[in-house]
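Working notes, structure below.
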Amino acid sequence: MLISYSIDNGIYKHNLDDLSFNHLNHTTIKYKEVVGTGKNEITFDKVTIDNAINYAAEDALLTFRLFQNLYPRLIKEKANFVYQNIDLPLVEVLSSIEANGIEVNKKFLTILSNEFENESKKLEKNIYKLSKEEFNIGSPKQLGEILFINLKMPGGKKTKSGTYSTDSSTLNNLAVDGFEIAQLVLDWRELTKLKSTYTDALFRLTDDKSRVHTSFGLANTLTGRLSSTDPNLQNIPIRTENGKKIRTAFVSGKGKKLVSFDYSQIELRLAAEISGDKNFIKAFKNNEDIHASTAKEIFNLNNSQINNDYRRKAKAINFGILYGISPYGLAKQLDISNTEAKDYINEYFIKYPKIKKYMEHQIDFAKTNQYVETIFKRKINIKGISDKNFAVRGFAERQAINAPIQGSAADIIKLAMIEIHKEIKLKNIEAQMLLQVHDELIFEVENIKYDNLVSNVKTIMESIHLKYKDFSVPLTVDFGAGDHWGQAH
DNA sequence: GTGGATGGAT
DNA sequence: GGATCCATCCACA
């Protein structure tokens, strides 16, 4: 468990009784205090059983200081709802998730690790053949010199620090131009990344029951999302074929299943809800394919005219909107001209006028208040909203647009987690919450309790927000089950 | 030890 | 020059 007390980003207190000490070697207690203009940070790292008593003594001091210095501001800044009803009760839930851990198949991890190793060794040999010399492929500096000096390839762009850029888009361009070595390096990068960051690291972090226990950060993010470390279980691969294999290593115990529930398009739904855009709300009420629906609107298509290319473009714009897109960014994303991108965005704002209003309002609000807020009034401070530098200002503006959406989604799934945790206890459902991945919750459940879990969890996730606020847009949850995470998702 | 480059997720 | 994170590696102090 990783808890911060932070005034910048919501305020938190914890009670020692709330914490599980089953996995103290995974426990980091972090105390952050900001008073006036000074910043004072005390970090307790890797608390062990031996010093738990000392830690308890420290905690009394921290709690005292918290109430003396921070609690008055908590009230004054009206952040009390989020504190009392979301983040504080979530502490117990996270503690339980961390203690549960999730089982991994160590044999399979070993097989995967060897497979990745062998494949990357082969690639290495082929890369050296083409480069005519051996070098450290993992060094961007050496790689850049090989490609752009020795082999004289075109398109060498320097990074800030003066080395040649060798990121995936650069290498991809070279690969498309027929430079075989670039594709080999991309493949090599994928395999070595999977091995070092995932298969080997996960193996190393298992306990004596083959389970891994992450630590969740409750106050590490600007928007109110959780974060996950040691290992980070919120970025397990899914996009590539090799990456997907990693998810197969996360398994359920004998006689049990892993069940995954995920919110469908929650951030776009919240954008519709917060902005009040009629067109968007209608599409969600009718349970339409939202990207196809957007394609119809902005390209003026009928049902028979929609194809994957239109849908892909509409999807990129929808996601771009959430992030406060610029025509330049969209152009790059879709590989189209700036003017074409600008046309798309203009058309978008014509069809979804309240979205445009929302964006403008967020920027105004942030300029006036130096913060924005989620549906549940979580405050998110925004720095640089009036900066003279357009890059700094633009960044702040995009934060002002994105943070309430991302943060509201975080609030909602947190509320659901708290309620589900209660419900599982109350109804004696033999199931454990294992993971949260921003819009997804994963459980391990006795086979015979599966139906009970599904009906309860789905209902809570889809309706918990209604306890506090009426919504125009429905929230929907998809679920799946299997013997491993890949199957459940 | 630390910052930069890179890349994994939502 | 699209938001939020975290881990790994290299290179340099």
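We name chains A, B, ... by the order of the sequence lines, and we start the count at 1 in each one. These values consider heavy atoms only, across backbone and side chains, with no hydrogens, waters or symmetry-generated copies.
Enclosure of atom CG in Asn389(A) by more than 12 non-hydrogen atoms of other residues, nucleotides or ligands within 6.0 angstrom is indicated.
Distance NZ (Lys195(A)) to C1' (dA7(C)): 15 Å, rounded to an integer number of Å. dA5(B) atom P lies 15 Å from atom CG of Leu171(A), rounded to whole Å. Distance CD (Glu440(A)) to P (dG8(B)): 18 Å, rounded to an integer number of Å. At whole-Å resolution of the value, CZ in Arg189(A) and C1' in dA7(C) are 15 Å apart. Atom pair Ile382(A):CD1 and dG2(C):C1' shows a separation of 14 Å (rounding to whole Å applied). Straight-line distance from the CG atom of Leu194(A) to the P atom of dT8(C): 13 Å, rounded to whole Å. Distance Leu143(A) CG to dA11(C) C1': 15 Å, rounded to the nearest Å. Look at CG on Asn232(A): it is 16 Å from C1' on dT6(B), rounded to the nearest Å.
Between dT4(C) and Thr221(A), no contact under 4.0 Å exists linking OP1 or OP2 to a side-chain N or O. In this model, the phosphate group of dG7(B) is approached by a side-chain N or O of Ser168(A) to a distance below 4.0 Å at OP1 or OP2. Phosphate proximity of dC6(C) to Thr197(A): absent, as no side-chain N or O sits under 4.0 Å from OP1 or OP2. Distances shown here put a side-chain N or O of Gln142(A) below 4.0 Å from the OP1 or OP2 atom of dA11(C). At the phosphate of dC9(C), neither OP1 nor OP2 sits under 4.0 Å from any side-chain N or O atom of Thr192(A).
Looking at heavy-atom distances under 4.0 Å, Ala410(A) makes no contact with the nucleic acid at all. Within 4.0 Å of Ser228(A), counting heavy atoms only, lie sugar-phosphate atoms of the nucleic acid but no base atom. If you check every strand for non-hydrogen atoms under 4.0 Å, Lys332(A) touches nothing. In this structure, Gln234(A) reaches the sugar-phosphate backbone alone: every heavy-atom distance under 4.0 Å involves primed, P, OP1 or OP2 atoms, never a base. Residue contacts for Gly329(A): at a heavy-atom cut-off of 4.0 Å it reaches the sugar-phosphate backbone alone, with no base atom in range. Asn402(A) comes within contact range of the sugar-phosphate backbone alone, with a heavy-atom separation under 4.0 Å but no base atom that close. Leu322(A) comes within 4.0 angstrom of nothing in the nucleic acid, heavy atoms only. Residue Glu267(A) is out of contact with every strand shown, counting any heavy-atom pair closer than 4.0 Å.
Listed candidates were dC6(C), dC10(C), dA3(C). Nearest to the side chain of Phe395(A) is dA3(C). In this structure, the nucleotide among dT10(B), dC9(C), dG2(C) sitting nearest to the side chain of Arg398(A) is dG2(C). You'll find that the side chain of Ile238(A) is closest to dT10(B), out of dT8(C), dT10(B), dT6(B). Closest to the side chain of Arg239(A), out of dA9(B), dA3(C), dG2(C), is dA9(B). Distance from the side chain of Lys141(A) is smallest to dC12(C) among dT10(B), dA3(C), dC12(C). Of the listed nucleotides (dA11(C), dC6(C), dA3(C)), dC6(C) has the atom at the smallest distance from the side chain of Ser227(A). If you check dT6(B), dC5(C), dC10(C) against the side chain of Asn136(A), the one that comes closest is dC10(C). You'll find that the side chain of Thr229(A) is closest to dA7(C), out of dT6(B), dA9(B), dA7(C). Nearest nucleotide to the side chain of Arg247(A), out of dG8(B), dT10(B), dT8(C): dT10(B). Here the side chain of Ile325(A) is nearest to one of dA9(B), dC10(C), dG2(C), namely dG2(C).
Results of the side chain to side chain donor-acceptor pair (under 3.5 Å) test with Thr166(A) over Gln142(A), Lys141(A), Arg189(A), Glu145(A) single out Arg189(A) as the only residue that passes.
Atom-to-atom distance recorded for Tyr323(A):OH and Asn318(A):CG is 11.5 Å, nearest 0.5 angstrom.
Residue Arg225(A) places a side-chain atom within donor-acceptor reach of the base of dT10(B), judged by atom type and a 3.5 Å distance cut-off alone. At a cut-off of 3.5 angstrom, counting only N and O atoms as typed in the model, there is a donor on one side and an acceptor on the other between the side-chain of Gln333(A) and the base of dG2(C).
The aromatic ring of Tyr323(A) does not sit over the base of dG2(C); the criterion of centres under 5.5 Å apart with planes under 30° is not met.
Judged by the 6.0 Å distance and 45° axis criteria, Lys354(A) is not positioned over the aromatic ring of Phe280(A). By the 6.0 Å and 45° rule, Lys106(A) stacks over the aromatic ring of Phe203(A). For the pair Lys377(A) and Phe81(A), the cation-pi test (distance below 6.0 Å, angle within 45°) is failed.
Salt-bridge formation is not detected for the pair Lys367(A)/Asp364(A): no Lys NZ or Arg NE/NH1/NH2 atom is positioned less than 4.0 Å from an Asp or Glu carboxylate oxygen. Using a cut-off of 4.0 Å between Lys/Arg side-chain N and Asp/Glu carboxylate O, Asp200(A) and Lys195(A) are scored as salt-bridged. Using a cutoff of 4.0 Å between basic side-chain nitrogens and carboxylate oxygens, Lys357(A) and Asp277(A) are not scored as salt-bridged. Using a 4.0 Å cut-off between charged nitrogen and carboxylate oxygen, Lys244(A) and Glu241(A) count as a salt-bridge pair.
Where DNA chain C pairs in unbroken runs of 3 or more (Watson-Crick or G-U, both distances under 3.5 Å), the stems are B:1-10 with C:3-12.
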